[in-house]
Amino acid sequence: MSLTWTKSLKVFLGAVLSFGFSSSTWADYTLNMTQGVSSVSARIYDLHMIIFWICTIIAILVYSVMIYSIIRHRKSRGYKAAEFHESTTVEIIWTIIPFFILIAMAIPATSTLFDMEDVSDSDLTIKVTGYRWYWHYDYLDEDISFFSRLTTPDDQVYNLVPKGEHYLLEVDNHLVVPVGKKIRFLIGSKDVIHSWWVPAFGVKKDAIPGFIRQIWTQIDVDKPGIYRGQCAELCGAKHGYMPIVVEAKPYDEYVKWLEEQKQKQAAASADEDKEWSYDELMVKGEKEYNMVCAMCHQASGKGLPPTFPSLVDSPIVRTKDQRIHHIRNVLYGKNAMPAFGEQLSDVQIAAIITYERNAWGHETKEMVQPQEVKEQRQKG
Amino acid sequence: MSASTASHLHTKDDHDHHHGPRKGLMRWVLTTNHKDIGTLYLWLSFASFLIGGVLALLIRMELFKPGMQLVNPEFFNQLTTLHGLIMVFGAIMPAFVGLANWLLPIMLGAPDMALPRLNNWSFWILPFAFSMLLSTLFMEGSAPNFGWTFYAPLSTEYGPPSTDFFIFAIHMMGISSIMGAINVIATILNMRAPGMTLMKMPIFCWTWLITAFLLIAVMPVLAGAVTMMLTDRHFGTSFFSAGGGGDPIMFQHIFWFFGHPEVYIMILPAFGIISQILPTFSRKPLFGYASMVYATCAIALLSFTVWAHHMFTVGMPLAGELFFMYATMLIAVPTGVKVFNWAATMYRGSLSFETPMLFALAFIFLFTLGGFSGMMLSITPADFQYHDTYFVVAHFHYVLVPGALFSIFAAVYYWLPKWTGHYYSEILGKTHFWLSVISMNVTFFPMHFLGLAGMPRRIPDYALQFANFNQIASIGAFVFGASQVFFLYIVIKTIRNGKKATDQVWENAHGLEWTLPSPAPYHTFTTPPVVK
């Protein structure tokens with residue numbers, strides 16, 4: 001990572017020279033757009049290269065006239081200036097020729113666009129919802145849904161420990177999809193505008209609160225693997241921290257994965273009714289807190305006042321008669337705090353609240369059971 | 001063009017001694033003199049440029065390596081927002097207005113702007129507007145943190161309390177711009193010297209005339225957008241909230257209906273400046289004066305029909321995407337005409353390379369490069385990959401830095417001897433040029449690669465594969481920043497003790513301004529010169 005500036009300059013010049021060629025010399029320096037793993041992304045890549053070369057040729061023509069004039073027609077060489085200052089013929093020529101070049105570019109672009117906008121005949125549909133600041137995936141035909149959150153620890157972000165290989169591009173739950181099937185995505189948002197972008201699929205669409213947009217992709221059959229992207233529309237403080245990780249599997253493995261997910265979700269609903277022990281709640285609570293709440297309130301609970309208030313020694317968190325408030329704040333939100341009722345299960349909320357009421361020296365020894373959260377939820 | 005044929009002139013023995021400038025500070029506060037107001041605009045613009053530059057350097061410092069080291073993500077967003085707003089509204093636009101104030105009357109053979117008192121008012125609104133905007137940095141909560149595009153609902157439903165100050169500041173800047181534009185139009189249409197028909201007018205006047213119409217057309221649209229934001233925030237309306245029956249995308253349509261012509265407001269006067277400077281140092285008339293004028297009009301008209309190319313990813317209907325793609329691609333035609341005309345002006349000229357010419361040449365080479373990436377962005381399917389990445393950041397910085405900014409540098413070096421009566425130091429000027437042009441490319445060129453590799457814009461922290469190019473960009477940014485402090489030194493040195501300038505200044509300069517003494521007297525053309 002650390003470069004001396006002379007090396008930087010060398011790399012820079014090398015990069016300039018090798019743009020457009022696939023050169024292994026500069027393997028660390030990605031210079032060009034990905035060709036991706038879907039038919040659409042490949043067509044986009046081809047379009048991109050066509051325009052790039054057209055621009056390059058025009059640039060060479062125009063720049064050479066200028067460079068030629070700069071070298072040959074200079075006063076210091078005693079060159080005498082000509083007097084001409086218009087020519088209707090050449091002016092008409094250089095207005096009309098670009099027209100035809102544009103038409104030549106517009107034809108493949110138009111056909112690609114028709115292809116990209118055609119969401120008909122899809123094999124499966126996944127609803128993608130943007131939240132500040134993570135994604136929710138809902139397999140509409142399968143009754144499976146989950147959140148997908150950044151897992152890079154704060155210690156890596158704040159340079160306290162070395163950064164992992166997929167720094168900022170790793171999440172707890174991958175979006176798993178089959179290769180070779182036409183997947184339709186419905187894109188929406190719960191709060192502000194986000195944008196769901198996976199470069200390898202050539203797919204980018206804004207997630208707009210109150211509206212649903214559609215896109216599709218079909219990953220090449222021979223290209224299973226893990227593909228990463230990021231939110232592309234400024235959505236607030238953690239805009240840089242909502243990655244997208246998609247795992248493309250062969251269809252049979254995908255079906256197996258679906259089965260596992262269904263079993264997991266069944267097991268999770270059984271948890272709702274059981275009585276949890278203090279230790280179980282604390283362990284689960286810490287994990288969930290760090291995943292969901294630490295984003296604003298920090299792992300230390302101290303928050304980032306005034307936007308994100310400190311939980312440490314907050315009366316709501318540590319006094320007994322505020323217990324119901326505490327649960328309801330998490331369920332229904334308060335001021336800048338969003339409502340988590342829809343996103344988190346009763347077990348998760350119970351565990352988080354138990355953790356908050358006992359962590360950071362609070363030690364109220366209080367427990368909150370899922371049942372209690374359920375009661376508040378039913379009251380509405 | 002034929003302005004050089006002007007015969008009659010008022011010089012030193014004129015009535016100047018009757019009413020020179022007021023003494024002391026009040027000269028600047030109360031002035032209605034176009035030269036004083038031009039100077040005020042230019043200094044305000046330079047101050048904003050340095051402030052906006054410091055914010056940019058903080059951004060580049062944070063992005064020097066992966067991880068958060070200097071600021072938190074929340075403050076990072078405030079930095080990007082204010083950097084954008086200050087550079088657009090505080091640095092580039094006032095600089096062009098300053099040049100218009102200084103140059104239009106003396107190019108047209110007019111005694112002053114048509115509406116001098118309005119002129120004083122349009123300037124003095126600005127320092128207050130910018131102070132208010134900057135003061136948000138010290139407000140409780142935070143400064144505006146939603147990008148210079150301030151998309152709803154991030155700005156309306158989630159914006160900090162200081163958003164209201166931001167809205168008020170935008171209103172004030174808009175009022176100032178509209179008044180300035182009215183003044184420019186009134187001056188150009190009414191105050192040209194006898195014999196100066198529109199098609200004999202210097203091309204800088206033409207580009208400013210068209211720019212002024214753009215300003216009058218779109219600043220009220222921006223005012224409308226921020227007023228709707230204000231009522232959404234405080235008076236229970238839901239223009240931009242789907243929850244109340246509104247549409248967040250409507251905000252973007254309104255914003256970009258302002259925002260796209262706005263980018264031409266920031267480049268058309270630059271076209272004018274370059275078209276003045278290039279013929280001087282090519283010792284050959286501008287090639288295709290008439291087609292330059294028509295091309296500028298065509299660009300201005302087209303700029304109203306392409307706003308939604310900033311919004312290809314919001315999910316427009318296919319027909320909309322096609323229309324905006326074709327319309328956007330069309331802009332390449334008149335822009336191409338301009339570039340070809342410039343190349344033809346140089347061809348078989350007798351070129352010399354003083355600092356203004358160097359900046360003009362860098363303008364043509366690099367603005368064209370920015371035009372090419374714009375061409376690529378206009379192709380809708382490809383735009384899905386480029387949109388909201390560093391490719392876009394690279395594109396618009398190539399248009400705005402070697403485009404708008406370098407044209408302003410070129411203009412300052414070109415007319416500084418006329419303004420101050422002193423030549424700048426050619427060696428220092430060239431040093432400034434080479435430092436700027438190299439560091440600018442080191443800063444912004446790698447951003448193309450970052451964008452293509454998939455780095456989204458406006459992120460405070462990035463994945464490891466983006467580290468190297470970001471580091472290069474940051475190094476370039478610091479050199480570029482330092483070069484601009486050097487520019488300040490050059491200008492001050494010129495004002496204080498530069499070599500005395502002749503009236504003609506440049507060997508082959510044409511136009512009424514060169515018939516005046518250097519420095520230009522406080523009042524000029526009290527009797528209009530006659531242009532044949």
Side-chain angles (χ1 to χ4, degrees), chain A residues 1 3 5 8 12 15 29-33 44 47-48 51 55 62 65-66 69-70 73-75 79-82 85-86 91 94-95 98-99 102 106 109 112-113 116-117 157-159 163 167-169 192-193 195 199 202 204-206 208-210 213 230 232-234 236-240, chain B residues 65-69 73-74 147 151 153-154 158 242 248 283-285 287-288 291 313-315 318 321-322 326 329 332-333 336-337 339-340 343 346-352 372 375-376 379-382 384-385 387-388 442 449 452-454 456 458-461 463-464 467-468 471-472 475:
Chain A
M1 228 70 52
L3 283 172
W5 80 267
S8 303
F12 174 73
Y29 295 83
T30 315
L31 300 177
N32 205 351
M33 186 189 279
I44 291 177
L47 262 180
H48 159 74
I51 320 161
C55 289
V62 178
V65 173
M66 288 169 60
S69 311
I70 288 172
H73 303 158
R74 52 203 300 170
K75 192 188 173 220
Y79 195 87
K80 288 275 171 287
H85 58 86
E86 58 189 355
E91 287 176 68
W94 70 38
T95 311
F99 247 120
L102 290 181
T112 308
L113 200 57
M116 290 174 86
E117 294 292 331
V157 174
Y158 288 94
N159 307 309
K163 296 182 183 5
Y167 176 70
L168 295 187
L169 296 179
V192 301
I193 299 175
S195 188
K204 184 186 283 155
K205 195 68 107 183
D206 289 359
I208 298 152
R213 302 294 195 224
Q230 284 179 274
E233 181 64 64
L234 179 62
K238 302 273 174 158
H239 163 52
Chain B
K65 58 178 188 174
M68 298 305 299
Q69 31 270 326
E74 181 62 28
Y151 283 177
L154 184 62
Y158 297 84
R283 291 168 184 77
K284 191 161 152 278
F287 188 87
S291 65
T313 62
V314 302
L318 181 59
E321 286 179 338
L322 288 173
Y326 298 147
M329 291 169 81
V333 176
V337 167
V339 175
F340 299 143
M346 290 164 62
Y347 182 68
R348 296 188 54 208
S350 174
L351 279 58
S352 62
F372 286 135
M375 191 67 235
M376 297 169 80
I379 306 292
T380 313
F384 282 95
Q385 290 285 36
H387 180 74
D388 267 328
V442 174
F449 303 131
L452 293 174
R458 292 168 168 159
I459 54 174
D461 193 3
L464 301 181
N468 294 326
Q471 197 162 36
I472 297 171
I475 292 168

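Sequence lines set the chain letters: A, B, ... in the order given, protein chains first and strands last, and positions in each chain run from 1. Hydrogens, waters and symmetry mates are skipped; everything else that's a heavy atom, side chains included, is used.
For the options B:Gly147, B:Gly454, B:Gly315, B:Ala382, heavy-atom pairs under 4.5 Å to chain A are most numerous at B:Gly315. Contact count against chain B (heavy-atom pairs under 4.5 Å) is highest for A:Leu168 among A:Leu168, A:Thr112, A:Val65. In terms of heavy-atom pairs under 4.5 angstrom with chain A, the leader among B:Gly349, B:Ser291, B:Pro460 is B:Gly349. With chain B as partner, the option from A:Pro98, A:Gly240, A:Ala232 having the largest number of non-hydrogen pairs under 4.5 angstrom is A:Ala232. Top candidate by heavy-atom pairs under 4.5 Å with chain A, chosen from B:Phe340, B:Tyr151, B:Tyr326, is B:Phe340. Looking only at heavy-atom pairs under 4.5 Å with chain B, the residue among A:Ala106, A:Ser69, A:Pro209 that has the most is A:Ser69. Of the residues considered (B:Glu74, B:Gln69, B:Lys284), B:Lys284 shows the highest number of contacts with chain A, using heavy-atom pairs under 4.5 Å. Between chain B and the options A:Ala109, A:Gly202, A:Gly236, A:Ala237, the largest number of non-hydrogen pairs under 4.5 Å is found for A:Ala237.
Taking a 6.0 Å sphere around OH of A:Tyr158, one finds it holds more than 12 heavy atoms contributed by other residues, nucleotides or ligands.
Scanning both residues, B:Phe449 and A:Leu31, for their nearest heavy atoms gives CD2-O, 3.2 Å. A pairwise comparison of heavy atoms in B:Pro66 and A:Asn159 identifies O-OD1, 3.6 Å as the closest pair. Residues A:Lys205 and B:Thr313 come closest through the heavy atom pair CD-O, 3.5 Å. In terms of heavy-atom proximity, A:Tyr167 sits nearest to B:Leu464 at CB-CG, 3.9 Å. Taking all atoms of both residues into account, the shortest heavy-atom contact from B:Pro381 to A:Ile44 is O-CD1, 3.5 Å.
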Item to check | Stepwise side-chain contact (heavy atoms from CB on, under 4.5 Å) check, A:Thr95 with B:Val333 | outcome: CA-CA 6 Å; A:Thr95 311; B:Val333 176; 3.6 Å; yes
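Of the atoms belonging to B:Phe372, heavy atoms from both backbone and side chain fall under 4.5 Å from chain A. If you measure heavy-atom distances from A:Leu113 to chain B, the contacts under 4.5 Å come from both the backbone and the side chain. Looking at B:Phe384, the atoms closer than 4.5 Å to chain A (heavy atoms on both sides) sit in the backbone and in the side chain alike. Heavy-atom distances place the backbone of A:Lys80, and not its side chain, under 4.5 Å from chain B. At a 4.5 Å heavy-atom cutoff, the contact between A:Ile208 and chain B is made by side-chain atoms alone. With a threshold of 4.5 angstrom between heavy atoms, A:Glu233 approaches chain B through its backbone and through its side chain. A:Met116 touches chain B through its side chain: at least one heavy atom from C-beta onward sits under 4.5 Å away, while N, CA, C and O do not. For A:Leu102, the parts sitting under 4.5 Å from any heavy atom of chain B are the backbone and the side chain alike. With a threshold of 4.5 angstrom between heavy atoms, B:Ile379 approaches chain A through side-chain atoms but not through N, CA, C or O.
No donor-acceptor pair under 3.5 Å is formed between the side chain of A:Asn32 and the backbone N or O of B:Leu452.
A:Lys238 pairs by the side-chain contact (heavy atoms from CB on, under 4.5 Å) definition with A:Trp133, A:Tyr241, A:Met295, not counting sequence neighbours. Every ring pair (Phe, Tyr, Trp, His ring centres under 6.0 Å) that A:Tyr79 has, sequence neighbours left out, goes to A:His73.
Between B:Gln385 and A:His48, every side-chain heavy-atom pair lies at or beyond the 4.5 Å cut-off. At least one side-chain heavy atom of A:Ile70 sits less than 4.5 Å from a side-chain heavy atom of B:Leu351.
Between A:Lys163 atom NZ and B:Lys65 atom NZ the span is 7.5 Å, to the nearest 0.5 Å. The CZ atom of A:Arg74 lies 11.5 Å from the CZ atom of B:Arg283; values are rounded to the nearest 0.5 Å. Note: A:Gln230 CD to B:Asp388 CG = 12.0 Å, rounded to the nearest 0.5 Å.
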